[in-house]
Amino acid sequence: MRFHGLLAGAALGVGLLAAAPALDAAELKLGYSLAPTSHYGVGATAMDEKLRELSGGEWSIKQFPANALGGEREMVEGAQLGTVDLVITSTGPVGNFVPEVLITDIPFLFRDYEHAHAVLDGEIGQEILGQFPNHGLVALAWGENGFRNLTNNKVAVKTPEDAEGLKIRTMENQVHMAAFRELGVLPTPMAFPELFTALQQGTVDGQENPIGVILSAKFAQVQKYLSLTNHVYSPALIIISPSVWDGLSDEEKGWFNEAAKAGAKAMREKAEADARDGVAELEKQGMTVVSNVDRAAFEEALAPVFAEFAKKFGQDRIDAIRAVG
Ligand code: EAX
């Protein structure tokens with residue numbers, strides 16, 4: 001890649017810049033599941049800008065939004081195989097590849113955005129990122145999807161009892177599925193690209209996602225009730241394929257790390273702005289918003305599954321996360 005700069009410089013002199021051959025090779029494919037205007041799109045754009053700036057235009061990113069490269073599981077697989085260069089994904093399917101991530105998917109684990117950032121950007125989160133190479137992946141930074149909220153077409157859910165018997169699409173995530181099962185909900189794991197149609201056709205009654213996702217995926221068109229459950233924090237990750245990463249110089253790796261941090265920061269700002277301002281917008285779009293959700297009752301109802309998580313992940317590790325901040 002450094003060669004490209006030399007070529008371009010030489011080409012300038014003879015007016016052949018457009019033919020410089022390495023240009024394409026420096027453009028990486030980045031996939032994500034949401035629209036370009038979403039928090040993922042905003043994050044990808046910020047990352048691209050920073051990467052261009054740091055590398056003097058040598059490296060850039062081409063975005064493939066809206067599941068153009070497949071669902072999140074498929075994109076992560078692509079990064080492993082080297083067919084996808086970069087992915088912005090929720091942790092939804094990532095624990096199936098890197099089991100150390102699963103602990104971050106526990107409901108009611110993170111108190112608020114500040115707590116989540118302190119954990120993920122701190123020792124615990126960085127240690128988890130360090131596990132990715134053992135599973136054929138490289139994670140550059142924690143981004144953000146946001147606190148998830150329940151939507152459905154049947155009932156204004158305020159308490160766990162209200163949610164009983166609902167058929168709810170979950171991510172392909174064993175921690176989320178176990179928690180919903182505990183609530184008496186019928187969890188239906190499904191890839192995100194299939195979700196809109198499933199809601200439209202009534203294959204499932206509802207789903208749960210952060211406000212920014214509900215807005216960006218236009219779920220107000222197919223869902224009536226929005227309950228502000230904020231039942232689980234949904235981290236995002238910026239993943240790079242080892243097939244790209246392993247070929248980078250140390251200097252280039254530094255650029256990518258810094259660019260990913262800029263992307264994560266912008267992603268968080270947008271996700272949090274959506275969480276703040278988006279509920280009013282969804283109400284305007286016709287959703288009935290339930291804001292007086294009994295969150296304590298949901299947390300209490302999950303006690304048995306929390307005991308299982310403690311066995312699986314270690315109560316000490318869960319306590320260490322809770323103790324941050
Ligand atoms: O990453 O699958 C999901 O519900 C995710 O939250 C969504 O694709 C954004």
Side-chain angles (χ1 to χ4, degrees), residues 30-44 63-79 84 86-97 101-102 104-107 110 116 120 139 141-152 167-177 179-180 185 187-200 203-220 222-223 226-227 229-239 263-264 266-268 270-272 274-275 278 282:
L30 180 150
Y32 54 89
S33 65
L34 303 173
T37 49
S38 68
H39 47 294
Y40 289 171
V42 168
Q63 298 182 34
F64 292 80
N67 309 301
L69 302 181
E72 294 188 331
R73 183 169 46 77
E74 289 161 308
M75 289 190 282
V76 175
E77 247 160 36
V84 175
L86 288 156
V87 187
I88 296 178
T89 177
S90 73
T91 50
V94 177
N96 300 323
F97 299 85
V101 169
L102 276 174
T104 68
D105 296 315
I106 297 178
F110 296 105
L120 298 175
W142 292 100
E144 185 153 270
N145 197 19
F147 280 91
R148 302 177 78 90
N149 296 286
L150 183 69
T151 71
N152 84 98
K167 196 166 176 191
I168 300 295
R169 174 269 180 178
T170 68
M171 297 196 287
E172 298 160 285
N173 182 293
Q174 50 181 279
V175 170
H176 286 198
M177 287 176 68
F180 277 108
V185 160
T188 307
M190 188 186 287
F192 190 74
E194 296 161 39
L195 181 52
F196 188 93
T197 308
L199 293 169
Q200 196 169 38
T203 317
V204 290
D205 300 318
Q207 62 88 45
E208 40 84 53
N209 252 303
I211 299 299
V213 176
I214 298 171
L215 272 173
S216 136
K218 303 192 183 336
F219 287 156
V222 287
Q223 291 281 270
L226 164 63
S227 296
T229 48
N230 289 295
H231 53 274
V232 67
Y233 177 73
S234 184
L237 286 155
I238 303 177
I239 290 174
M267 200 186 311
R268 283 175 176 177
K270 172 68 172 147
E272 286 154 50
D274 282 347
L282 290 169

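Source: prediction; values computed, not measured. Computation of the quantities below employed the complete heavy-atom set of this structure, encompassing side-chain atoms and omitting hydrogens, waters and symmetry-equivalent molecules. All ligand and atom numbering here is 1-based and tracks the order in the structure.
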Where on [X] is there a heavy atom closer than 4.0 Å to ligand 1, on the side chain, on the backbone, on both, or on neither?
| X | result |
| --- | --- |
| Asn145 | side chain |
| Tyr32 | neither |
| Glu72 | side chain |

Is a donor on one side and an acceptor on the other found under 3.5 Å between the side chain of [X] and the backbone of [Y]?
| X | Y | answer |
| --- | --- | --- |
| Arg169 | Met190 | yes |
| Asn149 | Pro210 | no |
| Ser38 | Tyr40 | yes |
| Asn96 | Glu172 | yes |
| Arg73 | Pro93 | no |

With atoms numbered from 1 as shown, which atoms in ligand 1 lie under 4.0 angstrom from a non-hydrogen atom of [X]?
| X | answer |
| --- | --- |
| Arg169 | 2 (O), 3 (C), 4 (O) |
| Met171 | 2 (O), 3 (C), 4 (O), 5 (C), 6 (O) |
| Ser33 | 1 (O), 7 (C), 8 (O), 9 (C) |
| Ser90 | 1 (O), 5 (C) |

Checklist entry - What heavy-atom pair brings Val87 and Met75 nearest, and what distance separates the two atoms? => result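 Heavy-atom minimum between the residues: CG2-O, 3.5 Å.
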
Item to check | Identity and distance of the protein heavy atom lying nearest atom 6 (O) of ligand 1 | outcome: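 Going atom by atom, the protein heavy atom closest to atom 6 (O) of ligand 1 ends up being Asn209 OD1, 2.6 Å.
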
Item to check | Any N/O pair Arg148/ligand 1 closer than 3.5 Å | outcome: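 Between Arg148 and ligand 1 (N or O atoms, distance only) the closest approach is under 3.5 Å.
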
Item to check | Sub-6.0 Å ring centroid separation between Phe180 and His231 | outcome: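 Between Phe180 and His231, the centre distance is under 6.0 Å.
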
